[in-house]
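As structure tokens, the structure follows; a few thoughts come after it.
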Amino acid sequence: MNWCPASQSAVSDVEVENQEVNGHLWHFRYPLTDGSGHLEVATTRPETMLGDTAVAVNPEDDRYKSLIGKTITLPLVGREIPIVADDYVDLEFGTGCVKITPAHDPNDFEMGKRHDLEFINVMNKDGSMNVNAGDFEGLDRFEARKAVVKALEEAGNLVKIEDYAHSVPFSDRGKVPVEPLLSTQWFVKMTPLAEKALKKLDENNDPNLVPERWRKVYRNWLANLRDWCISRQLWWGHQIPAWYAISETGGQITDSTPFVIAKDDEEALAKAKAKFGDDVKLERDPDVLDTWFSSGLWPFSTMGWPEETADLARYYPTSTLVTGFDIIFFWVARMTMMAEHLTGEMPFKDVFIHGLVLDENGKKMSKSKGNGIDPLVLIEKYGTDATRYAMIREVAGAGQDIRLAYDRKTDESQTVESSRNFTNKLWNASRYVMMNLDSKTPAQWGEPGTAVDGNGTNGGSSLPELELVDRWILSRFHRTVKENTENIESYGLGEAAKSLYEFTWNDFCDWYIELSKVRMFADDCPEKTQAQQILATVLEGIHKLLHPFMPHITEELWHGLTQTEAEAAYLATQSYPVVDESRIDLDLETDFQLVIDTIRTVRNMRAEAGIKPGIKVPVVLQTASDREANILNEGKVYIQNLAKAETVTIADADAESPENSVVGVTGTVQVTIPLEGLIDLDELKAKINKNLEKIEKEINGLSGRLGNPGFVNKAPAHVIDGARAALAEAEAQREILQEKLAGI
RNA sequence: GGGCGAUUAGCUCAGUGGUAGAGCUCCUGCCUUACAAGCAGGCUGUCACUGGUUCAAGUCCAGUAUCGCCCA
């Protein structure tokens, strides 16, 4: 088994980490006992030669065939040991001769059993050499290595020393090389447990690993398990429930002392008396269980198992285990095997394997490398919610690692800073909304489009008609609720966080709040009520949606918004928003996009023409489409306010457009800003030409596709229709721009 | 040696067959009565490489390269 000399305990296979080490390969000469020559062996661990009990060669090796059965006299020790033949020996590697130390190497152990060799343990449990090491007794194993090499050199047995990079097993816990030792320990026979877990996995995909690729990792491990050493020579842990009948072996625990397994002292004594008579003397095994053995019981032992408690009935099995991939073997697989064996059920339905947070260089954080990023530093600087939100938002797909931007000198992280800015945005947006709700709560305002209870501004009578912009934000909100639910259910937490960020900032703050100001700041505007209802209801929805991602700030803001005392209720206990499909209207969203695009086009044109932000300009919108004209008419007042227009004129496409003006196009709407004598005609031409070039390229691409029989015959109808519509719009845009260009 | 993942804008990353996106950075202009931790506008791409499948490939297939992780 694997022994950790630092913690002086057995460790299991998964607690052993192989590390590449630049070591040496020492070549020694072992003389034949009959004096007829010698064999040369190579080793990375010279100190173990003191425990050698054979030299092995490959049975097919012509160089050594004749020596098989002869003996070697082991240098320094003088022991006569046989030369054996074993297939394990690689003819190509080193000299083709291998020294065998059955008590200190797992491969040699197997060979020792095959050839019935002597097992000589030359080390103590602390890694020092024991009495079997003769003159080297008491030396630490690494000191003994040097001393043995020196002694062999002085005796003329050292041939050469080569540099040699090889893999060395280190103890996870003790951080020192593991020593393979002979020792009596408790093991769990894994095959029967693993088989049952594999069956559940293969037949029912139980548990369901997310992302799916970890399923194979989990499966392969289960399929190739070796028995699990579970006893630890530590004082912390569950004590092993085995009682030795020491009266049977002279008052000592030996390898042959019989034992009983029991739940407690009383039961142990009863069992022992029945077996060994009333005079039996018991001593409990001082060892404890591997911590992962105990952890493996966690899903049900925390619920009171083995008692049939109410908690166990209610909460077991659980729905989801959230954990990192580095713990699939240590914990997840142990839980599934133990749970299956002891409760007959898998302990959880889903296992969500998330990525790890890497440092600023994309390296895994580790204590030994000292490249950790202290979350408390980030929390101190940016806030708890910002730090938490940043971590979730950076989760890509399911299970990708997160590379965290971080400046070690200033403790600044752009990733977390942008989340902090988002929390700030949420705070300020909430402030704006609360300032404009006339001290009423969302509940008092009621559902958008319904009468306001009590003494609302509409007198509690008529049902206000929702405006285009109101229906737009409600559609966007409910689409966000829907997407968010889908994202969370499929463990797309990063996508969920990002979509809430985009809705809150881009749709609600940048557009709806700005658009609502038209009504909020107008004198005597009867339609103000709907805007207040929408602001109240959508903001509360945002608080709820964001609550799992940033619990503290949303809790605080929600109490302010709803005027709920902390003693009365918490946001944390409110129900999560549920999608109202009837509010979702994709056509309406497309319509409203024209308003947004028109405002953007005007702003763009103003910026390009260098019109000062304070100056209001007349805007002329021309379109041949009735649909577009209707939308523009409905959104006219918004375009006027948000584009800083003096007037907005909506006209037919063939109406005369003013001379000396900047022109832009969106959809098939021609946007014109007349600017008497303020325009650089060359610049204007260049801009239109640039625009035309882009549209020309688009037209070429689209008509190329539509002219291709393969595309028209084989592509699905909606794709072809989409391409035709896009081509028609692009051609209309081209016409508008060409006319304008000709008019300059 | 075996397996898994990644490679897309200066950076961090989305994008599951229908003409490339976000955030940050950068540039320009703004103290507009929620927010300058902000607002408006703008620039930026041989989608690592080579073949193949397809009317159509960042996306599917095969191979190559580089980086990272796991196992032996």
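Just so it is clear, the model here is predicted, and its values are computed rather than measured. Below, chain A is the first sequence line, B the second, and so on; all start at residue 1.
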Specify the separation, in whole Å, of atom [atom1] of [X] and atom [atom2] of [N].
| X | N | atom1 | atom2 | value |
| --- | --- | --- | --- | --- |
| A/Arg420 | B/G38 | CZ | P | 8 Å |
| A/Glu412 | B/C11 | CD | C1' | 16 Å |
| A/Asn421 | B/A37 | CG | C1' | 4 Å |
| A/Asn436 | B/A34 | CG | P | 8 Å |
| A/His718 | B/G18 | NE2 | P | 9 Å |
| A/Ile402 | B/A14 | CD1 | P | 11 Å |
| A/Asn428 | B/A34 | CG | C1' | 5 Å |
| A/Arg606 | B/G41 | CZ | C1' | 12 Å |

[Y] ring centre to [X] NZ or CZ under 6.0 Å, with the angle to the axis within 45°?
| X | Y | result |
| --- | --- | --- |
| A/Arg705 | A/Phe711 | yes |
| A/Arg476 | A/Trp511 | no |
| A/Lys425 | A/Phe508 | no |

Does A/Glu514 contact B/A40 through a side-chain donor or acceptor facing the base, at a distance under 3.5 Å?
no
When you measure only distances, ignoring hydrogens and angles, does the side chain of A/Lys517 come within 3.5 Å of the base of B/A34 through a donor and an acceptor?
yes
Measure up the A/Phe549 and A/Tyr389 rings against each other and bin them: parallel (under 30°), tilted (30 to 60°), perpendicular (over 60°).
perpendicular
If you measure from the [atom1] atom in [N] to the same atom in [M], how many Å do you get, rounded?
| N | M | atom1 | answer |
| --- | --- | --- | --- |
| B/G38 | B/C31 | C1' | 10 Å |
| B/U16 | B/C60 | P | 9 Å |
| B/C61 | B/U44 | C1' | 32 Å |
| B/U8 | B/U59 | P | 14 Å |
| B/C24 | B/A9 | C1' | 12 Å |
| B/G51 | B/G10 | P | 25 Å |
| B/C67 | B/A37 | P | 42 Å |
| B/G58 | B/U19 | P | 11 Å |

Classify [X] by what it touches in the nucleic acid, base, sugar-phosphate, or nothing, heavy-atom distance under 4.0 Å.
| X | answer |
| --- | --- |
| A/Arg603 | sugar-phosphate |
| A/Pro709 | nothing |
| A/Asn713 | nothing |
| A/Phe422 | nothing |

Identify all pairs in which a protein N or O lies below 3.5 Å from an N or O of nucleotides 19-29 of chain B, and state each distance.
residue, atom, partner, partner atom, Å
B/U19, O4, A/Glu698, O, 2.6
B/C24, O2', A/Gln414, OE1, 2.9

Any strand counts, and the cut-off is 3.5 Å on both contacts for Watson-Crick or G-U wobble. Which nucleotide pairs with [N]?
| N | value |
| --- | --- |
| B/C67 | B/G5 |
| B/U59 | none |
| B/C26 | B/G42 |
| B/C47 | none |
| B/C13 | B/G21 |

Between A/Asn436 (side chain only) and A/Tyr432 (backbone N and O only), is there a donor and an acceptor less than 3.5 Å apart?
yes
Just N and O in the side chain of [X]: are any of them under 4.0 Å from OP1 or OP2 of [N]?
| X | N | answer |
| --- | --- | --- |
| A/Lys216 | B/C4 | yes |
| A/Arg600 | B/G41 | yes |
| A/Asn604 | B/G42 | yes |

Surrounding NZ of A/Lys616 (heavy atoms of other residues, nucleotides or ligands, distance under 6.0 Å), is the total greater than 12?
no
Where along nucleotides 67-72 of chain B does protein come under 4.0 Å, by heavy atom, of base (B) or sugar-phosphate alone (S), with - for untouched nucleotides?
--SS-S
Result of checking A/Ile534, A/Val433, A/Ile513 against A/Leu539 for side chain to side chain contact (heavy atoms under 4.5 Å, CB included)
A/Val433
Please evaluate residues A/Arg45 and A/Glu179 with respect to the criterion salt bridge (Lys or Arg N to Asp or Glu O under 4.0 Å), reporting the C-alpha separation (whole Å), side-chain torsions for both, the decisive distance (0.1 Å), and the verdict.
CA-CA 11 Å; A/Arg45 305 196 53 201; A/Glu179 192 59 48; 2.9 Å; yes
Toward the 5' end of RNA chain B, by each residue's nearest nucleotide, A/Thr423 or A/Trp511:
A/Thr423
Between A/Ser430 and A/Val712, whichever has its closest RNA chain B nucleotide further toward 5' is A/Ser430
ring-ring contact (aromatic ring centres under 6.0 Å, His included) test vs A/Phe325 passes for just one of A/Trp214, A/Tyr218, A/Trp331, A/Phe330, namely A/Trp214
Would you call A/Glu483 and A/Arg479 a salt bridge, taking side-chain N to carboxylate O under 4.0 Å as the test?
yes
Write down the atom of A/Ala531, the atom of A/Tyr512, and the distance for their closest heavy-atom approach.
CA-OH, 3.5 Å
Validation row: A/Thr336, A/Pro207 side chains within 4.5 angstrom (heavy atoms)
yes
